[in-house]
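Numbering of ligands and ligand atoms starts at 1, following listing order.
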Amino acid sequence: MSRTFTRPKIALIGAGQIGGNLALLAGQKQLGDVVLFDIVEGMAKGKALDIAQMTPIQDFDIKVSGTSNWNDCAGADVVIVTAGLPRKPGMSRDDLLDTNVKIMKDCATNIKQHCPNAFVIVVANPLDAMVYTMAQVTGFPKNRVVGMAGVLDTGRLQYFIADHLGVSVEDVTAFVLGGHGDDMVPVRDLCSVGGIPVTQLMTKAEFDPIIDRTRKAGGEIVGLLKTGSAYYSPAACAIAMADSFIHDKKRVLPSAAYCQGEYGIKELFVGVPAVIGAGGVEKILEVKLNAEDAAALKLSAEHVGDLVAEAKKRL
Ligand code: TXD
């Protein structure tokens, strides 16, 4: 008796620093067959071939290919988009808007044509405007378009808390909400260590520098690398989201999801606690915020609105 099982197809749009790591992580987790796409064909093909030749060493049986031909992405179940310039020292994420909106429009037009049923995870910056552009140009249902930033910002906060307290990262939970910018909202009340509220383990004087470092963590790495931005951690975060979709895990992940009144935010993609499963963004969880965090989230969402207004002028 022969039955046909097909592995999910994952299209990675952008084969740069993050894209290459996405392909590696997707392979190691055997999430599905990977197509690495870039306008620089040699980079996509070279990285794919390199990873393919690694499969016997690490025993993962998936197909990995590289291309600059959109037809090869046809029918992808998941599309992760990192196509876009990264920051250089001294640049803000918003400085990337002009160039990256054009790239995102190009990608979205092709994704609409070649991957009409895909769950799309946008990574490129400025993230909040890029995920809006993707949703606008593809016209996909809002549950099938999401931005990756909150998982990264939250991971950074979790790491800094664990490092400060000398505890396992496995036992630290946290949430960073709002836009992926300097006014992101690390929610102190939602941080805990082994179920113990962090407010019982750290004074405000200890916690505030951690919040500040979380907000500036991306810029700290850009300043050190000089040639680009973080890529290992962003890749791991986008893969966590793709994994939750592919395996219907229904993980609660801070994601740039389309708000339709949640947290008082309307018709914007903003970082909120989202349940990600086979239906994409299946639900947004609303949590009670103290007055300070509620105000900070409102301000952050207003900045996202301003950025999106700028992106709209370029669509
Ligand atoms: O948390 C987050 N969301 C951020 C995202 C975390 C870190 C980095 N963030 C952003 O991701 C960063 O600011 C960039 O906007 C993207 C990608 O960062 P990466 O470090 O991977 O940039 P690279 O190495 O320059 O790779 C981008 C690739 C490069 O190979 C280009 O040739 C390709 O994008 N590119 C395209 N591919 C397909 N189609 C088009 N049109 C295209 N244009 C450029």
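Less than 4.0 angstrom separates some heavy atom of Leu152 from each of these atoms of ligand 1: 1 (O), 6 (C). Residue Leu96 approaches ligand 1 through these ligand atoms, each under 4.0 Å from one of its heavy atoms: 13 (O). Shown in contact with Met148 at under 4.0 Å from a heavy atom are these atoms of ligand 1, numbered in order with element: 1 (O), 2 (C), 3 (N). Close contacts of ligand 1 with Val40, meaning ligand atoms under 4.0 Å from a residue heavy atom, involve 32 (O). Of all the atoms in ligand 1, the ones that sit under 4.0 Å from a non-hydrogen atom of Asn100 are 15 (O).
Among Gly155, Ala230, Cys107, the residue whose heavy atom sits closest to atom 7 (C) of ligand 1 is Ala230. By heavy-atom distance, the residue among Gly150, Pro86, Ala15 lying nearest atom 12 (C) of ligand 1 is Pro86. Distances from atom 31 (C) of ligand 1 to the heavy atoms of Leu12, Asn125, Asp38, Val151 put Asp38 nearest.
Here the side chain of Ser244 pairs no donor or acceptor atom with the backbone of Met241 at under 3.5 angstrom. Under a 3.5 Å cut-off, the side chain of Thr82 and the backbone N or O of Ile18 do not form any donor-acceptor pair. Between the Arg215 side chain and the Asp182 main chain, a donor and an acceptor come within less than 3.5 Å of each other.
In terms of protein heavy atoms, atom 6 (C) of ligand 1 is closest to Pro234 CG, 3.6 Å. The protein atom (non-hydrogen) at minimum distance from atom 24 (O) of ligand 1 is Gln17 N, 2.8 Å. With hydrogens left out, the protein atom closest to atom 37 (N) of ligand 1 is Ala83 CB, 3.5 Å, a heavy atom. The protein heavy atom nearest to atom 38 (C) of ligand 1 is Phe37 CE2, 3.6 Å. The nearest heavy-atom contact from the protein to atom 40 (C) of ligand 1 is Ile39 CG2, 3.7 Å. For atom 27 (C) of ligand 1, the closest heavy atom belonging to the protein is Gly84 O, 3.4 Å. Atom 41 (N) of ligand 1 has as its closest protein heavy atom Asp106 OD2, 2.9 Å. Nearest non-hydrogen protein atom to atom 5 (C) of ligand 1 is Val123 O, 2.9 Å.
No more than 12 heavy atoms of other residues, nucleotides or ligands lie within 6.0 Å of NZ in Lys283, so this atom counts as exposed by the packing criterion. Counting non-hydrogen atoms of other residues, nucleotides and ligands closer than 6.0 Å to CZ of Arg144 gives a total above 12.
Taking the centre and axis of the six-membered ring of Tyr159, the NZ or CZ atom of Arg156 falls outside the cone set by 45° and 6.0 Å.
Taken from CG in Asp128 to CZ in Phe269, the straight-line distance is 10.5 Å, to the nearest 0.5 Å. Here CD of Gln28 is found 9.5 Å from CD1 of Ile62. Values are rounded to the nearest 0.5 Å.
By the 3.5 Å distance cut-off applied to N or O atoms, Leu85 is counted among the residues near ligand 1. Considering backbone and side-chain N/O of Ile18, one or more are found under 3.5 Å from N/O of ligand 1. Residue Thr82 places no N or O, backbone or side chain, under 3.5 Å from any N or O of ligand 1. Here's the thing with Leu127: none of its N/O atoms is less than 3.5 angstrom from an N/O atom of ligand 1. Below 3.5 Å of separation, one finds no N or O of Tyr231 facing any N or O of ligand 1. Checked against a 3.5 angstrom limit, the closest N/O atoms of Met43 and ligand 1 fall outside it.
For the 3.5 Å distance criterion, the side chains of Gln136 and Thr133 fail to qualify, holding no donor opposite an acceptor.
Heavy atoms of Gly228 stay at 4.0 angstrom or farther from ligand 1.
Note on Asp77 versus Lys9: no salt bridge recorded, every NZ/NE/NH1/NH2 to OD/OE distance being 4.0 Å or above. A salt bridge is absent between Asp95 and Arg87: the closest approach of a Lys/Arg side-chain nitrogen to an acidic carboxylate oxygen does not fall below 4.0 angstrom.
With contacts defined as side-chain heavy-atom distances shorter than 4.5 Å, the pair Val122/Met104 qualifies.
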List the steps, then state whether side-chain contact (heavy atoms from CB on, under 4.5 Å) holds for Val275 with Leu285.
CA-CA 7 Å; Val275 176; Leu285 301 184; 4.0 Å; yes

Could you please spell out the steps behind the side-chain contact (heavy atoms from CB on, under 4.5 Å) verdict for Arg188 and Asn290?
CA-CA 10 Å; Arg188 191 195 315 259; Asn290 64 38; over 6 Å; no

